[in-house]
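Residue numbers start from 1 in every chain, and the chains themselves are labelled A, B, ... in the order their sequence lines are given, proteins ahead of strands. Everything numeric in this text was worked out from a predicted model, so none of it was measured.
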Amino acid sequence: MYRLDWLEQLKLTSASLPERIQVKGVSPTVWQLGFTSLLTDISAEMVNSVLPAFLVLYLHVSPLAYGTVDGLYHGVAVAFLSMAGSILADRTRRYREVAAAGYGLSALCKLGLIAAGAAWGWIAAITAIDRVGKGARVAPRDSLISLHSPREMIATSFAVHRALDACGSLLGPVTAFLILLYLPNSYDAVWVTSFVFALLGLSILFLFVRNPQGRHNPTEAHSYRELLNLKSNVPFRRIIAGAALLGALTVSDGFIYLALQKSGGVQPRYFPLLYAATACGYMVFSLPAGRLADRFGLTRVLIGGYIVLIAVYLLLGFGASTPGVVFLVPAMMGLYYACTEGILMALASGVIPAHLRTSGLAALTTVLGFGKLFSALLFGLLWQNYQERTAMAVFAILFACFIPLIWRTLGRRYEPGPAV
Amino acid sequence: MSQDLPSKSAPGRVFAALCVLSIAILGAYYYRTAAARHTASPVAPVPANPPPSTPVPEPVASDPAPPGSPSGAESAPASAAPTTATPAPRRLFFRSTDVDHGYGLLAYLDFPKLSGSPKLSNLSCEVVHYSAGTGICLAALRGVFTRYDAIIFGPDFVPRFTIQLNGIPSRTKLSRDGNMAAVTVFLTGHAYDSVDFTTETLLIDTRTGKTLANLEQFRVYRDGQHIDAKDVNYWGVTFTPDAKRFYCTLSTNRKHLLVRGEVASRTGEALRENVECPSLSPDAKRVVYKKRLPGPRATWRLHVLDLASNVETPLPETRSVDDQLEWLDDGRVLYSLPESQTTPSPGTDVWMVEVDRATPPVRYLQKAYSPAVVR
């Protein structure tokens with residue numbers, strides 16, 4: 001027993017530590033989930049950042065040949081599994097366990113990388129499974145965040161989590177670099193370290209995070225019929241419709257950086273820096289945006305974030321030669337993420353009944369994802385037939401036209417904000 | 001409720017204990033790996049079949065010594081050959097993949113013996129090529145964001161020009177006169193969390209260090225029709241002896257086309273389907289390349305195409321080779337394969353196969369990658 005003393009100690013410190021943070025109203029669970037995500041993101045990003053070089057320079061394979069796993073098929077599989085997982089989480093009220101399964105699957109994938117060795121067919125399969133794990137854990141995790149947050153602090157809670165998450169994605173490549181600096185070519189050391197980080201993240205989730213307790217009202221029990229009836233929940237229906245619209249009007253990061261490359265003269269070799277700068281912006285702006293949202297209204301900040309995105313489109317469409325655009329765009333993208341990603345989940349959490357929270361959030365994410373797929377097709381088509389600047393301009397104008405509609409759809413009426 | 005102490009339940013403790021245990025085990029494994037890397041010797045297990053460990057090449061089976069015998073015909077020694085014959089190989093440049101001896105460095109051995117310890121340069125390269133007193137070395141400058149450079153150097157291995165590359169080096173070839181280089185890199189990062197690749201292929205003037213063209217600027221025709229698509233990827237360039245034209249792969253709409261391009265007019269013509277990484281023979285009569293087999297798994301077989309008759313013949317190599325080949329002479333080709341087909345290892349070997357005879361491939365040079373034959 002005495003061997004586990006340190007663990008008790010750790011539990012005590014962690015229980016007393018958030019007392020101070022509690023003052024700000026953010027639940028310790030949110031912090032714990034934040035650190036789970038931070039560690040998991042370090043684990044994921046350290047692999048992502050070295051995988052291309054590993055494939056090309058170490059295994060000497062031509063990675064162009066392996067686009068077969070990707071695409072719609074995989075997207076549908078991920079969406080289906082995450083929906084199934086979410087329903088399970090809602091029915092059993094074991095959010096933590098379902099999220100842990102997702103985190104665990106990704107951790108196992110890191111072990112899989114060690115086992116796959118040089119068989120890059122397996123490596124491709126493992127990266128695909130990794131994304132299934134990612135899909136499965138998002139909704140139960142967000143559900144836990146929302147269930148552990150008071151209504152008037154919900155955006156701040158999501159912001160804290162997202163800031164920690166972004167921090168992890170910044171630390172990941174640095175970790176991988178340090179390993180390869182001291183152990184050149186030891187990619188297996190990177191995979192092992194990545195697995196250890198994933199395991200640490202998982203252990204924080206498992207040892208500290210609790211499922212929300214009590215008040216299990218049998219009349220509130222999750223049923224499929226009720227889930228289907230969610231669509232008669234007017235506020236939720238509006239948010240889903242809004243999300244579909246938002247997804248369909250959002251140009252993916254890849255296209256944005258590609259457009260920046262074509263018009264702003266950024267060489268593709270700086271792409272990783274652009275992503276890092278965006279993550280940095282996301283981390284920095286997340287908390288202020290969350291606090292603003294709790295204070296002045298979620299929808300306002302959300303719409304504000306999309307207006308920033310429209311500004312990015314306009315900048316790329318019309319003013320790509322502006323000096324400093326290279327720094328401005330990633331910063332604006334970071335701000336846009338800070339104002340929209342977590343906030344939308346917070347907004348939806350306010351209107352989905354607690355016992356359907358996970359399924360509702362998963363449905364929202366799925367709709368958003370398919371919206372983005374549609375936008376990618378549309379943007380690709382425009383890009384193919386016209387210039388990328390034209391495509392950007394078209395999206396900016398379309399988006400601007402739809403903003404009032406989205407504003408009306410999401411409305412302020414359904415805000416969980418300062419409760420009545 | 002959220003402040004509750006985590007329960008002192010058995011599963012929690014068991015899980016914690018398991019975590020600690022596995023971290024300890026993994027730590028030990030990690031340490032062992034690290035130790036193995038540092039005490040260099042046990043790392044590179046020598047395959048049992050070939051002769052002992054020194055990176056001495058084994059010009060086995062057929063002897064590369066008879067200088068420049070166009071071994072397909074086995075007719076004329078180079079000295080007696082007509083002026084059009086390919087000159088004898090003099091030196092073989094390659095990237096050393098020997099963890100004990102200059103790993104990653106540009107190394108070379110002299111024909112005809114190709115024996116002894118390879119001579120090492122001070123250039124660290126991922127891919128190399130060399131022709132007529134000019135060399136190109138695609139190097140990785142490791143960092144949090146790793147940078148990649150193309151270094152043009154002379155016989156003294158002193159860099160003349162350094163060109164920043166946009167992605168991970170894949171292939172490079174110089175023209176015979178050494179004045180023009182082609183470089184293919186893999187670009188990543190078009191999507192955040194998917195490993196999604198495109199290629200970029202540049203033609204570089206090695207006398208000025210300037211980029212002449214990106215192959216995506218070329219107008220390529222197929223059956224007289226201009227291929228007007230945005231999803232184009234070019235890779236694996238090989239120059240004609242006069243460096244006015246080249247062959248390469250153009251991938252578009254899931255098809256891999258053999259393209260013959262003309263440098264001056266910036267145009268190209270698609271000749272054939274399912275050809276990747278072509279390499280033109282020194283006599284400019286044939287092209288060897290990898291041809292993808294049908295099926296979801298990426299497996300390639302080496303083929304040779306006679307340009308005059310347009311007849312394609314498979315080479316007697318049954319393993320999947322993912323490389324752009326290098327001609328040793330007009331009848332034999334060199335290519336790299338990983339030391340082990342199953343475990344990832346930093347080592348690769350250079351193999352040789354005869355184009356016109358059904359003799360099995362032979363291990364030509366151990367612990368080497370990216371061979372470049374200097375004539």
Side-chain angles (χ1 to χ4, degrees), chain A residues 4 7 11 15 18 27-29 48 51-53 56-66 68 70 117-119 121 127 131 148 173-174 177 180-181 183 185-189 192-193 195-196 199 203 206-208 210 212-214 252-254 257-258 267-269 271-273 275 383-384, chain B residues 1-6 12-13 15-17 19 22-23 26 29-30 33-34 37 126 140 142-148 164-170 186-197 199-200 230 233 251 292 296-298 322-323 336 338 340-346 348 369:
Chain A
L4 284 177
L7 194 67
K11 284 176 181 172
S27 150
T29 306
N48 282 347
L51 201 56
V56 178
L57 299 181
Y58 195 83
L59 295 187
H60 300 296
V61 301
S62 302
L64 267 183
Y66 95 131
T68 42
D70 262 304
T127 51
R131 267 184 284 167
H148 278 284
V174 180
F177 162 65
L180 291 179
L181 181 68
L183 302 168
N185 279 316
S186 327
Y187 288 96
D188 46 355
V192 171
T193 315
F195 173 68
V196 171
L199 209 59
S203 61
F206 230 88
L207 292 173
F208 300 105
R210 301 285 98 184
Q213 283 165 353
S252 80
D253 290 15
Y257 295 139
L258 222 52
Q267 294 297 319
R269 59 176 167 271
F271 271 28
L273 276 174
Y275 282 108
W383 185 299
Q384 181 82 31
Chain B
M1 61 180 182
S2 50
Q3 294 150 281
D4 277 356
L5 271 181
R13 281 166 182 255
F15 186 80
C19 272
S22 43
I23 288 172
L26 291 166
Y29 170 74
Y30 188 122
T33 320
R37 304 269 167 197
E126 304 296 330
R142 313 239 172 239
V144 176
F145 302 105
T146 301
R147 228 182 74 200
Y148 300 99
Q164 282 200 31
L165 298 176
N166 279 325
I168 307 165
S170 169
F186 282 112
L187 309 183
T188 55
H190 295 118
Y192 191 37
D193 56 359
S194 80
V195 190
D196 194 16
F197 292 87
T199 60
E200 180 179 271
K230 297 242 164 124
N233 285 293
S251 163
R292 183 152 176 186
R297 296 191 55 183
D322 186 358
D323 198 7
S336 316
S340 154
Q341 298 278 327
T342 48
T343 51
S345 88
T348 49
Y369 181 75

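- No other option in B:G167, B:G143, B:S170 has as many heavy-atom pairs under 4.5 Å with chain A as B:G143.
- For the salt bridge (charged side-chain N to carboxylate O under 4.0 Å, His left out) test, no residue two or more places apart in sequence or in another chain qualifies with B:E200.
- Rounding to the nearest 0.5 Å gives a distance of 5.0 Å between OH of B:Y148 and CG of A:L57.
- The distance from atom CG of B:L187 to atom CZ of A:F271, rounded to the nearest 0.5 Å, is 8.0 Å.
- For chain A, no part of B:T146 is nearby; none of its heavy atoms comes within less than 4.5 Å.
- Qualifying ring-ring contact (aromatic ring centres under 6.0 Å, His included) partners for B:Y369, counting only residues two or more places apart in sequence or in other chains: A:H60.
- Contacts between A:L181 and chain B at a heavy-atom distance below 4.5 Å are absent for every atom of the residue.
- Among all heavy-atom pairs drawn from A:A53 and B:I168, the shortest one is N-CD1, 3.6 Å.
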